[in-house]
Amino acid sequence: MSGYQASEIEAKWQEAWDAAGLFRAERVEGKPKYYVLEMFPYPSGKLHIGHVRNYTMGDVIARYKLATGHNVLHPMGFDAFGMPAENAAMASGGHPKDWTYGNIDTMVEQMKPLGLSLDWSRMFATCDPEYYGQQQALFLDFLEEGLVYRKNAVVNWDPVDMTVLANEQVENGRGWRSGAVVERKELTQWFFNISSMADELLEALDGLDNWPAKVRLMQENWIGKSRGLQFDFERMDGGEPITVYTTRPDTLNGASFVGISPDHPIAKGLEGDPEVDAFLAEARKGGTTEEAIEKAEKLGYDTGIKVKHPLTGAELPVWIANFILMDYGTGAIFACPAHDQRDLDFCRKYDLPVIDTFFALDVPQPVESEAFVPPKTEKVRWVDHFAGLDMATGEEAIDATIDFMEARGLGKGVTKFRLRDWGLSRQRYWGCPIPVVHCEACGVVPEKKENLPIELPYDEGAGPIDFSVPGNPLDRHPTWRDVDCPACGNPARRETDTMDTFVDSSWYFARFTAPRAETPTDMTEADYWMNVDQYIGGVEHAILHLLYARFFARAMHICGHLPEKSKEPFDALFTQGMVTHAIFQSEDAKGRPVYHYPEEVELRDGKAFLKEGGAEVEIIPSAKMSKSKNNVVDPVTIIEQYGADTARWFVLSDSPPERDVEWTAAGAEAAHKHLSRVWNLSGRICEMEDGAQGEGDAALLKEMHKTIHDVTMGIESFGFNAAIAKLYAFTNTVSKAKAGKAALREAVMTLAKLMSPMTPHLAEDIWAHQGGEGLCSAAPWPEADEAMLVDDEVVMPIQINGKRRAEISVPKDMDKAEVEKIALKHEAVQKALDGDAPKKVIVVPGRIVNVVA
RNA sequence: GCCCGAGUGGCGGAAUGGUAGACGCAGGGGAUUCAAAAUCCCCCGAUGGCAACAUCGUGUGGGUUCGAGUCCCACCUCGGGCACCA
């Protein structure tokens, strides 16, 4: 035997699985199904080791479920629309479509050698017209149900390039290409009415027991349900009252001004005044992200308008402030600087009054430069509170205030959500066209379904699809825009905006259940395969993607494309960490950083040296892989060097799956050595003489059952690293066991089966060598014998005052009193007690004894 | 700025509120070898001690508990998200 040759083994078994059609998913009524899905990749060009980890995790689950008798659906596709394809076209010419499909081919080619148990027959890319045509059909259905509508919203506007920018294209408030200061500009856009489901999406989080608590919490905060007070400020000049919404009505006494958004109708009404225009222009500078708005310098403009405080009758000025969002509440607030840091900074800057409305119980200090913002559950002392409160918490005061205002007809308790409607229009080429037509006579007209898909124009060669000029090529296309109105037949213009790529990824999981259907889904298939039993992906998608998909599933149910049970489409969610890698960095003569590829570097005693020249380089550990830092590990290289099983084993072995894992060459080497060890072990067992039982048979069997139990639990609970640790330990046990051939053969075949979800090729090879029946991948999962899991004797540590001082070995079932008696007789305990009686003795059966002296 | 996580030996990490450091890497010692590679065996948190053992030790500071890596409060550092990156 020549040793473990991964490349030969892996190709051979992949062919065998293919030939057996092992991973082809077909609906079998009555057979329990299991749908495993990893978030599908963006076709960036090359497979990343992070993908390998992600898909291996899903594969472990898929293969395990196959072995436990499930009909497994494990599909793969590509999230193929998006900006990088246009950026590539901008940088080096070519067409986004060619770039994208080229990348998909490469990535599929790189993915196949990993031996993933995927049903490749179901593969699609979201840029396939067959897919996005169905997405257009969904859009039309949503439109009919009132789930899509048009309104104005702000975008990042580059005033030099005259184009809309993505947040990513805004760097420090400036356009990435032009360098011009970005402005916030309003545009009419399409919106999904996700806020109409805000309460439902919030309530349903409670039912998602198999989602990480942190994701549910993040979504809860994002939806941001709040109860507050909505009320009017009368204008002294008799104009339309200003309606404000506040979540802190209890601080109404401390109001020092009323603030309105630069996009508020009153602010717009003042446009034309050069001073106002100048301020609004200034206030609209910068990007649209909440982060940019929060961090921007707080600016205000006194409109000169005065309003009357509804309770005190005091006159308050109305200011336009750049940090007030038109999208949240009513776009108008009252500011209470004493109890809000942002308001306080603003008031100090513009010399507005600061009025304390409550003080801490112990030291009543007036607010100076720091706002007093205690938790809403803390009792504070109120100053002349209108509802007659003296000592009360913020929560109590808020309720009392709302009651007080409602009773007098001055305001209304209102529940609002932070969640905004989902703007889906993108002024870009490489996305799903929005299937509507603008007609002068008929207005916005939906396309007829029989005209779908509305395909993107390809226009081979140079020409209309040109990215050397800023803006959307569809918008300047000479012919694509021109259509006849589907309603009246007169000349009209096609909508040139395309859909947000989040739309593409909001229903692909449903499409996988019937990827070639002539409608978005096939209800028979959807009813059988849905829901996704286990969804796996990065935490970075905790909010947007997962919330949008939840909305889409509900919307699809309303339109009859998904069953009721799929309103929550993902039964269980797991969020995995990234794969990181050290950066090897030195400096050039001018002190600029130079990054070295891992293969250029040699490691000795924890230090890194250049292979060429031998100079020492700095090691920066655990950095996110990035092309510009030269620390990307290419899975293809790893597979060529060690094989897919080694790569799979390594990415699962060291770190817990939800955390980042650091790729190290030493770790990969070690994983490969271990797999060789197992392979050799199997070989040695094959060559043994038949016959005699070994003295270690019973002990080996016992360890085997414990390992089955631990590994099974490990896989079920996503503790892959811990499961692998048990497999290491069991390998050591088997190789040291003084057992007969039959027992060893059973042990190593069990080891192979337990390893098969992680290292399926190696497992298959060992299975065949040991004469296993059929394919290892198709063999049933072993079951642990409960009787084998318990030891008759247990070692119990004895603590004295919480510190471990001794241990005793007692029968497993010995009762507490007996254990206590033995423990107290122990010399260490006797010594500690020094003749006194113990104050207390705690015996936790089978675990520990603690003597309090 | 706001929301959510994470922090344990030289390193990756293990540990239903119950013996902190399983398992792996690196390192040290030994066996084998003419020698090396490969392989196999043993040791391996810090400090003190020949040793038995003792003290300290899970980012920092407090707290709850017979007992805290685990629960609570405050803080520090790093990571994710902030609605047009996917």
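Proteins get letters first, then strands, A, B, ... in listed order; numbering begins at 1 in each.
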Heavy atoms only, 4.0 Å cut-off, all strands: where does [X] land among base, sugar-phosphate and nothing?
| X | answer |
| --- | --- |
| Gln189(A) | base |
| Asn801(A) | nothing |
| Gly82(A) | sugar-phosphate |
| Lys214(A) | sugar-phosphate |
| Ile293(A) | nothing |
| Ala722(A) | nothing |
| Lys839(A) | nothing |
| Gly224(A) | nothing |
| Arg216(A) | nothing |
| Ile842(A) | base |
| Ser505(A) | nothing |
| Val155(A) | base |
| Pro656(A) | sugar-phosphate |
| His541(A) | base |

For the pair [X] and [Y], name the ring-plane relationship: parallel under 30°, tilted 30 to 60°, perpendicular over 60°.
| X | Y | answer |
| --- | --- | --- |
| Phe551(A) | Trp422(A) | perpendicular |
| His674(A) | Tyr728(A) | tilted |
| Phe574(A) | Phe718(A) | parallel |

What residues form a ring-ring contact (aromatic ring centres under 6.0 Å, His included) with Tyr508(A), not counting sequence neighbours?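 Tyr508(A) satisfies ring-ring contact (aromatic ring centres under 6.0 Å, His included) with Phe40(A), Phe512(A) only.
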Counting only side-chain heavy atoms from C-beta out, which of [options] sits nearest to [X]?
| X | options | result |
| --- | --- | --- |
| Arg847(A) | rA86(B), rG81(B), rG18(B) | rG18(B) |
| Ile543(A) | rU19(B), rA83(B), rG81(B) | rG81(B) |
| Asn156(A) | rU55(B), rG18(B), rC84(B) | rC84(B) |

[Y] and [X] side chains, donor-acceptor separation under 3.5 Å:
| X | Y | value |
| --- | --- | --- |
| Ser809(A) | Glu793(A) | yes |
| Asn721(A) | Ser655(A) | no |
| Asp500(A) | Tyr548(A) | no |
| Trp507(A) | Tyr131(A) | yes |
| Thr188(A) | Asn152(A) | yes |
| Glu168(A) | Trp176(A) | no |

Between [N] and [M], how far apart are the two [atom1] atoms, rounded to whole Å?
| N | M | atom1 | result |
| --- | --- | --- | --- |
| rG57(B) | rG7(B) | C1' | 16 Å |
| rA51(B) | rC44(B) | P | 13 Å |
| rC73(B) | rG28(B) | P | 46 Å |
| rU39(B) | rC50(B) | P | 38 Å |
| rA31(B) | rU70(B) | C1' | 43 Å |
| rC43(B) | rG9(B) | C1' | 15 Å |
| rG13(B) | rG21(B) | C1' | 9 Å |
| rC71(B) | rC53(B) | P | 33 Å |

May I ask you to verify whether the side chain of [X] and the base of [N] hold a donor-acceptor pair under 3.5 Å?
| X | N | result |
| --- | --- | --- |
| Glu290(A) | rC82(B) | no |
| Asn850(A) | rC66(B) | yes |
| Gln427(A) | rC84(B) | yes |

Any [X] side-chain N or O less than 4.0 Å from OP1/OP2 of [N]:
| X | N | answer |
| --- | --- | --- |
| Arg659(A) | rG7(B) | yes |
| Lys726(A) | rG24(B) | no |
| Asn221(A) | rC2(B) | no |
| Arg805(A) | rU55(B) | yes |

For RNA chain B, determine which residues of residues 712-721 of chain A have any heavy atom closer than 4.0 angstrom to one of its atoms, and list them numerically.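 Here the set is Asn721(A).
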Give RNA chain B the dot-bracket treatment, 5' to 3': Watson-Crick (N1-N3 with N6-O4 or O6-N4) or G-U (N1-O2, O6-N3) under 3.5 Å, [ ] crossing, | other strand. (((((((..(((.....[....))).(((((.......))))).((((....))))..(((((..]....))))))))))))....
Expressed as a whole number of angstroms, how long is the span from Trp649(A):CH2 to rC23(B):P?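 After rounding, the gap between these two atoms is 15 Å.
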How should the glycosidic conformation of rG10(B) be described, syn or anti, under the criterion that syn lies within 90° of 0?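 Classified anti.
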5'-most contact on RNA chain B: Ala729(A) or Val795(A), nearest heavy atom basis?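 This one resolves to Val795(A).
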5'-most contact on RNA chain B: Lys673(A) or Trp422(A), nearest heavy atom basis?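 Counting from the 5' end, the first nearest nucleotide belongs to Lys673(A).
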Is Arg184(A) positioned over the aromatic face of Trp157(A), cation under 6.0 angstrom from the ring centre and no more than 45 degrees off axis?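 No, a cation-pi geometry is absent between Arg184(A) and Trp157(A).
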How about Glu807(A) and Met796(A): do any of their side-chain heavy atoms sit closer than 4.5 Å?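 In short, these two side chains do not touch, never coming nearer than 4.5 Å.
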For the NZ atom on Lys349(A), are there more than 12 heavy atoms of other groups (residues, nucleotides or ligands in this structure) within a distance under 6.0 Å?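 Yes, because the 6.0 Å sphere around NZ of Lys349(A) holds more than 12 heavy atoms from other groups.
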